[in-house]
There are 2 protein chains.
Amino acid sequence: MKTQGQHFRIYTPASLGAAIRHYRQQAGLSQADLAERTGLNRTYLSDLEQGHETEQVKRILRVLKQLGVRMTLEEADW
Amino acid sequence: MKTQGQHFRIYTPASLGAAIRHYRQQAGLSQADLAERTGLNRTYLSDLEQGHETEQVKRILRVLKQLGVRMTLEEADW
DNA sequence: CTAGTGTGTCTGAATATCAGGGCAACGTTA
DNA sequence: TAACGTTGCCCTGATATTCAGACACACTAG
């Protein structure tokens, strides 16, 4: 029944964070909920959603950009 | 003139690495070339392509999986 | 054979990151 | 008002990661 969810193009840590926040809220989860489900720290998720500039993400995105590749996030509906 | 390149679904650090390697080779670049262009260390790229299990990438993929979101890489042809 | 290229891997030092605990601010609800 | 849920943010110690530089191996070209 294809809700045909939107998709996000990821260019920066900030857009990655915004997308994650979107999907988390869409799932009706709090940061604490998601932290528990993933075994991660809530502070980490907070930072992640805010696009807290992490070197690793920036590095990977830099590589992809250099290669002319774009990253996309979309609902999986496996 | 759509070369209609293939796309990659990223589930693990290994699949991310494989995709990056694919695009790098397609671009006709050596690891050293890409390292120079991105300002990164060649060793890092080597590890990245091999899917060297990095906690950070795994964490992010874990979050996305938990949210039912999939990551895709594809040629940008901006 | 020799030189050059591409890649994997090792080391140690320098950085970056994460978890855990806590607190403040805000909005909502009773 | 008080209680609660949610989120941003700070701190600290423990970990994970990245870098530089070097070396070995495989492969190819000359």
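By convention in this document, chain letters (A, B, ...) are assigned in the order of the sequence lines, proteins followed by strands, and residues within each chain are numbered from 1. Below, each value reflects all heavy atoms present in this structure, side chains not excepted, and no hydrogens, waters or symmetry copies.
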Does A:Q56 put a side-chain nitrogen or oxygen below 4.0 Å from OP1 or OP2 of D:dT18? yes
Are the side chains of A:T72 and B:M71 in touch, meaning some heavy atoms are under 4.5 Å apart? no
Under the 6.0 Å and 45° cation-pi test, does A:R70 pair with A:Y11? no
Of all the heavy-atom pairs spanning B:A19 and B:L73, show the shortest one and how long it is. CB-CD1, 3.9 Å
Indicate, with a heavy-atom threshold strictly under 4.0 Å, whether B:E49 touches base, sugar-phosphate, or nothing. nothing
Take the protein atom NE2 of B:H52 and the nucleotide atom C1' of D:dT17, then report the distance between them rounded to whole Å. 9 Å
Quantify the bending of the helix from C:dC1-D:dG30 to C:dA30-D:dT1 as the angle between its end axes, each fitted on five pairs, to 10°. 40°
How close do A:A35 and A:L45 get, counting heavy atoms only, and between which atoms? N-CD1, 3.3 Å
Please verify the inter-ring angle class for B:F8 with B:Y23; under 30° counts as parallel, over 60° as perpendicular, anything in between as tilted. perpendicular
For D:dC19, take OP1 and OP2 only and decide whether either is under 4.0 Å from a side-chain N or O of B:Y44. no
Taking the side chain as every heavy atom from C-beta outward, state whether A:Q56 and B:E55 have any atom pair closer than 4.5 Å. no
What integer distance in Å separates B:E55:CD from C:dA19:C1'? 12 Å
Near-strand residues of residues 18-33 of chain B, defined as heavy-atom separation under 4.0 angstrom from DNA chain D: none
Hey, are the side chains of B:L16 and A:I60 touching, using non-hydrogen atoms and a 4.5 Å cut-off? yes
Rounded to whole angstrom units, what separation is found between the CZ atom of A:R59 and the P atom of C:dT15? 13 Å
How about B:V57 and B:T12: do any of their side-chain heavy atoms sit closer than 4.5 Å? no
Do B:K58 and B:P13 have side chains that get closer than 4.5 Å, going by heavy atoms? yes
Within less than 4.0 Å of OP1 or OP2 of C:dT7, is there a side-chain N or O belonging to B:S46? no
Euclidean distance, atom NZ of residue B:K58 to atom C1' of C:dT17 [Å, nearest integer]: 15 Å
Take atom CG of A:L48 and atom P of D:dC9, then tell me their distance rounded to the nearest Å. 14 Å
Quick one: B:R62 CZ to C:dC18 C1', roughly how many Å, whole number? 11 Å
Rounded to whole angstrom units, what separation is found between the CG atom of A:D47 and the P atom of C:dT17? 10 Å
Nucleotides 20-23 of chain D: which of its N/O atoms have a protein N/O under 3.5 Å away?
residue : atom : partner : partner atom : Å
D:dA20  : OP2  : B:N41   : ND2          : 2.7
D:dA20  : N7   : B:N41   : ND2          : 3.3
D:dG21  : O6   : B:T43   : OG1          : 3.2

Can you check whether A:T38 reaches B:R59 side chain to side chain, under 4.5 Å on heavy atoms? no
In whole angstroms, how far is the C1' atom of D:dG5 from the CG atom of A:L45? 17 Å
Evaluate the side-chain proximity of B:Q6 to B:E74: yes if any heavy-atom separation is below 4.5 Å, no if none is. no
Under 3.5 Å, is there a donor-acceptor pair between the side chain of B:Q50 and the main chain of B:S46? yes
Nearest-nucleotide pick for B:T54, side chain only, options being D:dT18, C:dT17, D:dG8: D:dT18
